[in-house]
Each structure stands twice: as C-alpha cells, then as structure tokens.
Amino acid sequence: QVQLVESGGGLVQAGGSLRLSCAASGRTFSTYAMGWFRQAPGKERDFVAFIRWQGTTTYYADSVKGRFTISRDNAKNTVYLQMNSLKPEDTAVYYCAAANSMRLLTRPEYDYWGQGTQVTVSS
C-alpha cells in the first residue's frame, strides 16, 4: 500500500540537466531503501541508483557515476535524482521503486513501483 509518483522528466539536449522527484505515500514507515531504474525501448529495466531510507548508504551504476546524484528528504517522503551531463544513451523511462527489506538492491526486485517518467536526451 505504498504509492510512488515520479515527476520531472522531459526533453533535454545532450549536456543538459534534469532533476527527477519521487513522492511516496501510504504505508511508508517500513521502507528500507528507494531506488531509481530505467528502461529504454526494447531493453531490460536497468539499475541506476539507490539510497537507504535511514543512514547514509548510496550506490550508483557505473554508467551514471559522477553524473547523477540520488538524495532524499525524509520529512517530505521524497527521493530525488539529479541528472547532469546527460547523454543520448540516458534516454529511457525512469522508474522510482521502494523496498521493504534488505535484498540485492541493484536488481529490479523492489516491492513497489511508480508509473515512470520519460526522459529524452537529444543529440
């Protein structure tokens, strides 16, 4: 009964920036971690980044390390993904996800998912 709503996607030129937001509502007390995944047409859903809801642990896919930053605002039940130096290969639908317990957080095996937001990076 956790609902996730992504926002902030859009069209941007290569080298530009976007910030995605994921607002969580419902039974969020037991949330262990939140993550971002992305899926391009005809491709698998791939890991982007995750953050523990408590503590300081974050982790990034090699493809976005140094360009993307995941952060949280616990008071607002919101997670952000700051995306800088965007490349055409970043084009995908970006999904926010929430996990209730420890698991392999780089896999698309979370308990709750948002509907996705489109990010398109033009050349």
Side-chain angles (χ1 to χ4, degrees):
Q1 293 184 326
V2 174
Q3 297 185 30
L4 306 173
V5 179
E6 303 99 331
S7 62
L11 175 65
V12 65
Q13 291 189 322
S17 299
L18 287 172
R19 189 176 75 159
L20 306 183
S21 298
C22 175
S25 61
R27 298 181 63 186
T28 60
F29 180 80
S30 62
T31 299
Y32 179 81
M34 297 185 69
W36 287 97
F37 292 77
R38 64 188 183 185
Q39 188 168 22
K43 302 294 182 65
E44 297 180 338
R45 187 170 298 188
D46 291 329
F47 168 74
V48 176
F50 73 71
I51 186 168
R52 287 284 309 278
W53 198 243
Q54 298 181 18
T56 59
T57 300
T58 61
Y59 191 76
Y60 299 89
D62 289 341
S63 59
V64 306
K65 195 173 299 180
R67 300 188 297 120
F68 292 9
T69 302
I70 188 170
S71 61
R72 69 180 187 232
D73 186 335
N74 295 56
K76 296 181 178 179
N77 286 325
T78 300
V79 171
Y80 305 94
L81 185 68
Q82 180 66 46
M83 309 164 65
N84 298 326
S85 302
L86 284 162
K87 305 174 181 179
E89 51 262 45
D90 295 318
T91 296
V93 176
Y94 283 70
Y95 296 91
C96 177
N100 290 338
S101 61
M102 180 60 186
R103 64 197 67 191
L104 188 59
L105 293 169
T106 58
R107 302 294 188 190
E109 299 173 350
Y110 286 49
D111 298 297
Y112 304 98
W113 294 86
Q115 81 287 348
T117 185
Q118 177 70 48
V119 172
T120 302
V121 184
S122 63
S123 301

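Just so we're clear, the structure is a prediction, and the values are computed from it rather than from any experiment. For this chain, numbers begin at 1 and follow the sequence in order.
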Test: salt bridge (charged side-chain N to carboxylate O under 4.0 Å, His left out). Region: residues 4-18. Which pairs qualify, not counting sequence neighbours? none

Over 12 non-hydrogen atoms of neighbours within 6.0 angstrom of OH in Y60: yes

Heavy atoms of V64 and V48 approach each other most closely as CG2-O, 3.6 Å

Non-hydrogen atoms of L105 and F37 that approach each other most closely: O-CZ, 3.7 Å

If you compare all heavy atoms of Y110 against all heavy atoms of A99, which two are closest, and at what distance to 0.1 Å? CD2-N, 3.6 Å

Please check if F50 and Y95 belong to a single hydrophobic cluster, counting links between Ile, Leu, Val, Met, Phe, Trp and Tyr side chain heavy atoms closer than 4.5 Å. yes

Quick one: side-chain hydrogen bond (donor to acceptor under 3.5 Å, both in side chains) partners of Q39, sequence neighbours excluded? R45

Kindly write out the residues that satisfy side-chain hydrogen bond (donor to acceptor under 3.5 Å, both in side chains) with T120, not counting sequence neighbours, or none if the list is empty. Q118

Quick one: which residue pairs count as a salt bridge (charged side-chain N to carboxylate O under 4.0 Å, His left out) with a foot in residues 54-66, not counting sequence neighbours? D62-K65

Can you pull out every disulfide (SG to SG under 2.5 Å) where at least one residue sits in residues 21-121? Sequence neighbours excluded, please. C22-C96

Spell out, yes or no, whether I51 and L81 are grouped together once hydrophobic residues are joined by side-chain heavy atoms under 4.5 Å, including indirect joins. yes

Output a table of donor-acceptor pairs, distance under 3.5 Å, between side-chain atoms of residues 11-21 and any protein atom two or more places apart or on a different chain; print 'none' if there are none.
{"from": "S17", "atom 1": "OG", "to": "N84", "atom 2": "OD1", "distance (Å)": "2.9"}

In this structure, are over 12 heavy atoms from other groups packed under 6.0 Å from Q54 atom CD? no

With sequence neighbours excluded, what pairs up with Y94 under the ring pair (Phe, Tyr, Trp, His ring centres under 6.0 Å) test? none

Can you give me the closest heavy-atom contact between W53 and N74, atom names plus distance? O-ND2, 2.9 Å

Is there a donor-acceptor pair closer than 3.5 Å between any side-chain N or O of T91 and the backbone N or O of V121? yes

Pair listing, salt bridge (charged side-chain N to carboxylate O under 4.0 Å, His left out) test, anchored in residues 71-85, at least two apart: none

Identify all side-chain donor-acceptor contacts of residues 23-36 below 3.5 Å with residues at least two apart in sequence or on another chain.
{"from": "T31", "atom 1": "OG1", "to": "T28", "atom 2": "O", "distance (Å)": "3.0"}
{"from": "Y32", "atom 1": "OH", "to": "R52", "atom 2": "NH1", "distance (Å)": "3.3"}

Membership question, hydrophobic clusters at under 4.5 Å side-chain separation (ILVMFWY): are Y80 and V93 in the same one? no

What residues, two or more places apart in sequence or in another chain, satisfy salt bridge (Lys or Arg N to Asp or Glu O under 4.0 Å) together with R103? D111

Side-chain donor or acceptor of Y112 paired with backbone N/O of Q1 under 3.5 Å: yes

Cluster link W113 to F47, ILVMFWY, side chain under 4.5 Å: yes

Identify, with sequence neighbours excluded, every residue that meets side-chain hydrogen bond (donor to acceptor under 3.5 Å, both in side chains) alongside D90. R38, R67

For K43, what residues pass the side-chain hydrogen bond (donor to acceptor under 3.5 Å, both in side chains) criterion, not counting sequence neighbours? none

